[in-house]
Enquirer: 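Below is a structure I'd like to ask you about.
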Protein chains: 2
Amino acid sequence: MTQPIAQALSARLRDMILAGEFQAGQHLREVQLAQLFGASRTPVRLALAANEKDGLLEYSPNRGYVVRPFAGEDIAAAFEMRAQIEGLAARKAAERGLSPEAARRIAETIDTDARVLSGDAPLDDGAREAWRANNAVFHKTIIEAADNRFIGPALQTVQRIPGVYPPVLASYDPVLLRKYNGHHRRIGECILARQGTRAEFLMREHVFEAGEDILTSLHPAHGPTQDLAGAAE
Amino acid sequence: MTQPIAQALSARLRDMILAGEFQAGQHLREVQLAQLFGASRTPVRLALAANEKDGLLEYSPNRGYVVRPFAGEDIAAAFEMRAQIEGLAARKAAERGLSPEAARRIAETIDTDARVLSGDAPLDDGAREAWRANNAVFHKTIIEAADNRFIGPALQTVQRIPGVYPPVLASYDPVLLRKYNGHHRRIGECILARQGTRAEFLMREHVFEAGEDILTSLHPAHGPTQDLAGAAE
DNA sequence: GTCGGTCAGGTTGTATGCAATCTCATTATC
DNA sequence: GATAATGAGATTGCATACAACCTGACCGAC
């Protein structure tokens with residue numbers, strides 16, 4: 001965290017970058033942002049430095065900050081990291097075991113999602129919001145159960161990517177969401193059964209597939225094969 | 001990175017924290033540090049914010065920064081993350097394949113280490129420095145070969161831990177170093193053979209064991225079992 | 001016409017002053 | 001004696017002034 005105003009500016013700036021309000025490579029001038037935010041250069045400078053640390057900006061001495069570009073391979077790399085780290089979280093959660101409260105929350109998100117997705121019609125706004133919230137709770141609960149203080153921050157930096165920020169989520173295609181709901185159910189079962197290895201790899205695959213689906217929705221031309229799967233084999 | 005002076009101060013402050021020159025929980029006052037560094041509060045404030053982002057300090061609004069304490073379980077958690085991320089790096093390096101130059105560098109570190117460790121006498125300073133440098137090259141080469149821009153930064157935050165910073169390295173016990181040299185050789189072989197899964201798990205285990213060894217050397221009383229292995233099983 | 005130098009404008013880097021907040025010892029009250 | 005209120009000192013938060021640096025246009029030399 002940062003200072004009262006600087007803290008708020010850092011978050012506002014981050015949201016603007018994630019929302020794509022700046023072009024990749026754009027030079028962010030301190031005075032310009034200061035006027036935009038109605039503050040002085042001092043908190044703006046802190047906000048810029050914070051977002052650089054988060055990987056959203058690039059810094060050059062005496063030249064300032066530019067918006068970092070994110071190409072398809074960067075998004076693929078981010079999902080690789082997410083898959084690896086959330087895999088660790090699932091394994092640790094299975095090994096440590098869930099608290100009754102955590103188990104209840106996970107079961108509830110899975111059941112609620114299944115009910116929301118049971119129909120055939122495209123999802124309305126309420127259903128999409130319900131799914132988004134449940135998805136967040138599912139992953140967050142597992143991450144907390146893993147009880148490793150480095151997991152949360154590490155995940156944030158690979159999740160907060162312009163253009164792929166969770167709210168996008170593969171256009172909420174019901175077919176995909178039903179698939180994910182199935183993943184969640186099996187992952188939850190593995191964790192409850194204390195099967196750490198299965199939980200790890202199911203979670204890894206779950207996140208990896210979600211990344212593939214998002215890349216596919218971004219580049220409908222060439223499938224995800226080129227993007228996410230490595231060159232080898 | 002940050003600004004010229006602020007950048008340097010950030011690194012100096014980080015090194016001081018890693019070297020244990022502050023007590024855990026100690027309040028770092030801006031004017032005090034500014035006098036120590038011979039600068040004004042402005043770059044000091046940036047350095048503090050940068051080290052907070054790196055997880056070495058904790059911030060409270062209007063109260064400033066205190067040195068973050070690292071307990072045994074934090075060190076164990078950091079090695080868990082390192083094992084998981086370097087495992088990903090090894091797998092990706094195996095899947096993508098090494099460049100001839102990378103393969104040569106890795107082979108060289110392994111062979112040189114084997115030669116340095118061939119004797120029975122405790123290592124002199126030169127030998128220790130040689131091992132440290134080779135170890136760094138070995139891991140760095142694999143990380144670069146993985147070609148995932150999120151791996152490097154993520155590893156830095158879990159490697160830079162007060163009291164466990166690499167230079168310590170389990171007191172350079174030749175028995176341990178020979179074991180690690182064997183790990184390196186097998187990991188290198190797996191990567192060259194494009195065996196990603198084996199490379200991943202050998203690397204995971206390599207880092208995990210190194211963490212165990214360091215925790216053992218820190219708490220000779222209770223073995224690493226309680227610290228690194230989870231509660232389950 | 002091309003290359004190098006120079007200067008003005010603009011942008012970042014640092015220092016400092018003032019306001020807001022916190023800390024903690026002292027005092028007043030019950 | 002314990003607890004709450006108060007106020008002075010110290011510390012952080014922000015704004016602003018000045019210095020250093022970079023950028024790009026203009027000009028002159030070859």
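Chain A is the first sequence line, chain B the second, and so forth, proteins listed ahead of strands; every chain is numbered from 1.
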Enquirer: Who pairs with B/Arg29 by salt bridge (charged side-chain N to carboxylate O under 4.0 Å, His left out), at least two apart in sequence or on another chain?
Expert: none

Enquirer: What pairs meet the ring-ring contact (aromatic ring centres under 6.0 Å, His included) rule with one or both residues in residues 135-163 of chain A, with sequence neighbours excluded?
Expert: A/Phe138-A/His184, A/His139-A/His184, A/His139-A/His206

Enquirer: Output the rounded distance in Å from CZ (B/Arg29) to P (C/dT23).
Expert: 11 Å

Enquirer: Could you check A/Asp213 against A/Tyr180 for side-chain hydrogen bond (donor to acceptor under 3.5 Å, both in side chains), going step by step and ending with a plain yes or no?
Expert: CA-CA 11 Å; A/Asp213 294 336; A/Tyr180 301 153; 2.5 Å; yes

Enquirer: Under 3.5 Å, is there a donor-acceptor pair between the A/Glu30 and A/Gln35 side chains?
Expert: no

Enquirer: Output yes when A/Arg68 and A/Asp74 qualify as a salt bridge under the 4.0 Å nitrogen-oxygen rule, no when they do not.
Expert: no

Enquirer: To the nearest angstrom, how far is A/Leu9 atom CG from D/dA15 atom P?
Expert: 9 Å

Enquirer: Could you state the OH-C1' distance from A/Tyr59 to D/dC21, rounded to the nearest angstrom?
Expert: 11 Å

Enquirer: What is the distance, to the nearest angstrom, from the CD atom on B/Gln7 to the P atom on D/dA20?
Expert: 19 Å

Enquirer: With a 4.0 Å cutoff (strictly under), does any side-chain N or O of A/Arg63 reach OP1 or OP2 of D/dT23?
Expert: yes

Enquirer: Find the distance A/Arg45:CZ to D/dG13:C1' and express it as a whole number of Å.
Expert: 16 Å

Enquirer: Charged N to carboxylate O under 4.0 angstrom, A/Glu108 versus A/Arg105?
Expert: no

Enquirer: Between A/Leu46 (CG) and C/dT12 (P), how many Å, whole number?
Expert: 15 Å

Enquirer: How long is the line joining CD of B/Glu30 and P of D/dA10, in whole Å?
Expert: 16 Å

Enquirer: What's A/Leu48 touching, base or sugar-phosphate or nothing? Going by heavy atoms closer than 4.0 Å.
Expert: nothing

Enquirer: To the nearest angstrom, how far is B/His27 atom NE2 from C/dT23 atom P?
Expert: 9 Å

Enquirer: Could you go through nucleotides 15-21 of chain C and list every protein N or O atom that sits under 3.5 Å from one of its N or O atoms, giving the distance for each pair?
Expert:
{"unit_1": "C/dA15", "atom_1": "OP2", "unit_2": "B/Ser40", "atom_2": "N", "d": "2.8"}
{"unit_1": "C/dA15", "atom_1": "OP2", "unit_2": "B/Ser40", "atom_2": "OG", "d": "2.5"}
{"unit_1": "C/dA15", "atom_1": "O5'", "unit_2": "B/Ser40", "atom_2": "OG", "d": "3.3"}
{"unit_1": "C/dA15", "atom_1": "N7", "unit_2": "B/Thr42", "atom_2": "OG1", "d": "2.7"}
{"unit_1": "C/dT16", "atom_1": "O4", "unit_2": "B/Thr42", "atom_2": "OG1", "d": "3.3"}

